[in-house]
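Right, one structure below, let's go through it.
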Protein chains: 2
Amino acid sequence: MIELRHLKYFVAVAKELSIGRAAVALNISQPPLTRQIQQLEEDLGAVLFVRSVKGVELTDAGRTLYEEARNILSLVDLASERTRRAAQGRIGRLDVGIFGSGMYDIIPRVLRKFRAAFPEVKIVLHPMTKDAQVEALRQRRINVGFNRLVPRYPDIASRVVMWERLYIVVPESDPLAGRAEVSIAELVDSPFVLFPKVARPNFNDFVASLCQRHGFVPHIAQEVGEATTGVALVASGFGVCIVPESVKYFRADGVVYLPMTESPPTMLDVTCLYCLEDNSPILAEFLGVLEEFRRENDVVGDPHVL
Amino acid sequence: MIELRHLKYFVAVAKELSIGRAAVALNISQPPLTRQIQQLEEDLGAVLFVRSVKGVELTDAGRTLYEEARNILSLVDLASERTRRAAQGRIGRLDVGIFGSGMYDIIPRVLRKFRAAFPEVKIVLHPMTKDAQVEALRQRRINVGFNRLVPRYPDIASRVVMWERLYIVVPESDPLAGRAEVSIAELVDSPFVLFPKVARPNFNDFVASLCQRHGFVPHIAQEVGEATTGVALVASGFGVCIVPESVKYFRADGVVYLPMTESPPTMLDVTCLYCLEDNSPILAEFLGVLEEFRRENDVVGDPHVL
DNA sequence: GCGGGGCGATACTCTATCGGTATGAATCCA
DNA sequence: TGGATTCATACCGATAGAGTATCGCCCCGC
């Protein structure tokens with residue numbers, strides 16, 4: 001069977017046009033090289049060199065193989081290198097579970113940072129709910145998932161990516177619209193636009209517990225699936241809405257974003273989930289980038305557990 | 001050192017996701033396969049599989065190598081195949097020495113026929129004189145040369161490609177212009193446009209010997225390098241010109257091509273030269289095509305030797 | 001809870017083959 | 001004609017690839 005050794009030897013002989021000189025270059029003696037070349041010719045069923053008393057020269061078949069062999073040998077080198085880099089997590093792909101409002105600001109910032117450090121890693125985004133992320137993490141369909149208000153699982157680790165302040169969204173026509181900031185207590189009589197209970201613990205429970213802390217139960221006017229839809233409904237006068245800060249990047253006519261007062265302010269997390277048993281080197285590198293991101297943004301603490 | 005065996009084994013394991021099953025597919029036993037994979041991982045410095053109790057699965061590095069290895073293995077197969085075909089003369093290049101008036105008809109017909117049979121052989125044309133062709137053939141810069149009136153050489157073989165009748169070119173105003181055919185004897189008083197003595201024996205000598213046979217010495221009005229230039233000079237009234245039939249394909253205003261009568265008609269050869277010591281398989285295939293061309297056109301005999 | 005089955009890893013042996021040394025055969029040149 | 005050069009051949013020792021036997025591990029079922 002043809003081996004890379006044969007090709008390497010052949011290329012050396014083709015370069016030197018002499019078996020003896022090629023043997024020197026390869027640091028072997030001449031007879032074994034002669035034999036390897038004979039073997040290669042035998043295997044291919046083609047004469048590669050015409051032997052003369054002053055060396056060898058390539059036949060048409062030899063010239064053809066020369067081009068091919070050099071290409072193959074360089075591809076093998078390249079493959080080794082790429083494999084090594086893949087083992088170090090420098091190339092490959094990172095499958096990321098994402099959710100709506102995280103993509104307005106926080107998640108893109110983290111992913112940009114990672115892409116800058118590992119440009120050869122392909123980042124594949126998968127919008128999915130909290131439960132779907134946990135399931136996908138376990139099955140390695142994704143390597144990391146981003147979400148809020150994540151529960152604890154024995155096999156899933158979590159790191160807070162960012163703490164966000166909460167904002168109250170009111171229509172421009174609302175009496176509160178001119179205020180610099182608003183307390184949630186002032187929303188006692190306002191109808192709320194909230195997000196559906198697709199996964200517990202969820203943002204609904206979070207808002208409900210906030211209201212409860214201020215002594216009232218929110219009046220739910222409408223449930224929506226997306227933060228942006230909620231803001232649009234606020235603009236249409238369906239009620240008020242509480243959103244994390246990054247939703248502010250969604251500019252909508254007819255609404256005002258007011259920071260919610262509390263001391264200390266209530267913060268909502270964006271948390272990164274990953275499977276403890278996933279030892280993909282790319283994941284490891286990503287977690288390194290994430291830690292750096294946390295340091296840069298002074299993010300401390302563990303996720304809220306309701 | 002990494003060998004193709006390693007890659008082949010690795011691909012088999014990656015396909016089966018099981019060392020045991022891959023060993024069966026490879027017709028070897030399981031332990032050596034295990035060792036080869038370990039060796040590959042060692043050489044690359046990368047873990048390619050995560051072993052589990054129910055088989056193995058690819059790591060990121062393994063997935064990377066899988067793509068590369070399959071590509072490399074298929075390239076090796078391709079290279080073998082191409083080399084074999086090159087050995088049979090089915091791919092490669094044919095360097096061809098050509099001359100002016102041969103390219104009007106005869107040489108293109110032969111080369112088209114060869115190209116149809118061996119489309120992967122690249123045909124490279126080199127316009128050159130007779131002597132340059134012989135020199136180039138000896139140095140293998142060309143594999144075949146086309147020419148006329150070739151001398152004999154000990155190391156150069158020749159096969160006539162086509163015999164051509166001679167035509168007399170006269171201006172439209174010439175008294176002979178209306179005739180169906182003309183004997184060279186009727187040109188006793190006409191000035192001749194002839195071709196330079198770049199290589200002996202040449203067309204000049206050929207025409208001179210023809211005139212001598214009819215009892216006169218031609219009056220040379222002008223010497224030119226190209227048959228088409230000669231025809232153009234005839235059109236301008238410089239004299240008459242004798243050309244082989246294929247020059248008729250060069251249509252020029254103001255001239256008439258008249259077949260030269262003689263019985264039997266004097267024929268001029270287009271001959272293919274090649275070096276007896278050139279054992280390129282492509283040359284061999286070309287000579288096969290050439291023989292077929294000769295049969296199709298009922299070409300017999302050896303070249304004229306003046 | 002224990003034993004059987006399945007999978008990969010290890011230990012050991014055998015042998016094919018790779019590489020080394022010595023030498024031969026052919027050719028060229030002085 | 002003899003030395004030098006180049007590739008080919010003969011033979012030998014060592015490496016390592018492939019085989020057999022077995023271990024260790026884990027899952028699964030009784």
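Each chain gets a letter, A, B and so on, in the order the sequences are listed, and its residues count up from 1. This is a predicted model, so every value here is computed, not measured. Side-chain atoms are counted along with the backbone in the values below, which use heavy atoms only and exclude waters and symmetry mates.
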Could you pull out the protein-nucleic contacts involving nucleotides 1-9 of chain D (nitrogen or oxygen on both sides, under 3.5 Å)?
| residue | atom | partner | partner atom | Å |
| --- | --- | --- | --- | --- |
| dT6(D) | O4' | Val53(A) | O | 3.1 |
| dC7(D) | OP1 | Ile19(A) | N | 3.0 |
| dC7(D) | OP2 | Gly20(A) | N | 3.1 |
| dA8(D) | OP1 | Arg51(A) | NE | 2.6 |
| dA8(D) | N7 | Gln30(A) | NE2 | 2.9 |
| dA8(D) | N6 | Gln30(A) | OE1 | 3.1 |
| dT9(D) | OP2 | Gln38(A) | NE2 | 2.9 |

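In this structure, CZ in Arg63(B) is found 6.0 Å from CG in Leu58(B), a value given to the nearest 0.5 Å. To the nearest 0.5 angstrom, Leu75(B) atom CG is 7.5 Å from Glu68(A) atom CD.
Atom C1' of nucleotide dT17(C) and atom CE of Met1(B) are separated by 18 Å, given to the nearest angstrom. dA16(C) atom P lies 17 Å from atom CD1 of Ile28(B), rounded to whole Å. Rounding to whole angstrom units, CG of residue Leu33(B) and P of dT20(D) are separated by 15 Å. When rounded to the nearest whole Å, the span between CD of Glu3(B) and P of dG17(D) equals 9 Å. The NE2-P distance, from His6(A) to dT17(C), rounds to 10 Å in whole Å. For the pair Leu40(A) CG and dT17(C) P, the computed distance is 16 Å after rounding to whole Å. Counting to the nearest Å, the C1' atom of dC18(C) and the CG atom of Leu26(A) are 14 Å from each other. We find that CD1 of Ile37(B) is positioned 15 Å from C1' of dA18(D), with the value rounded to whole Å.
Across Ala86(A) and Thr64(B), no two heavy atoms sit closer than the pair CB-OG1, 3.2 Å.
Residue-level contact check: Phe49(A) touches neither bases nor backbone, having no heavy atom under 4.0 Å from any strand. At the heavy-atom level, Gln39(A) lies under 4.0 Å from the strands shown only through sugar-phosphate atoms.
With Phe49(B) as the partner, the ring-ring contact (aromatic ring centres under 6.0 Å, His included) test is satisfied by one option alone out of Phe10(B), Tyr66(B), Tyr9(B): Phe10(B).
Salt-bridge annotation for Glu67(B) and Arg82(A): absent, with no side-chain N of the basic residue lying under 4.0 Å from a carboxylate O of the acidic one. A salt bridge links Arg5(A) to Glu3(B): one of the charged nitrogens lies within less than 4.0 Å of a carboxylate oxygen.
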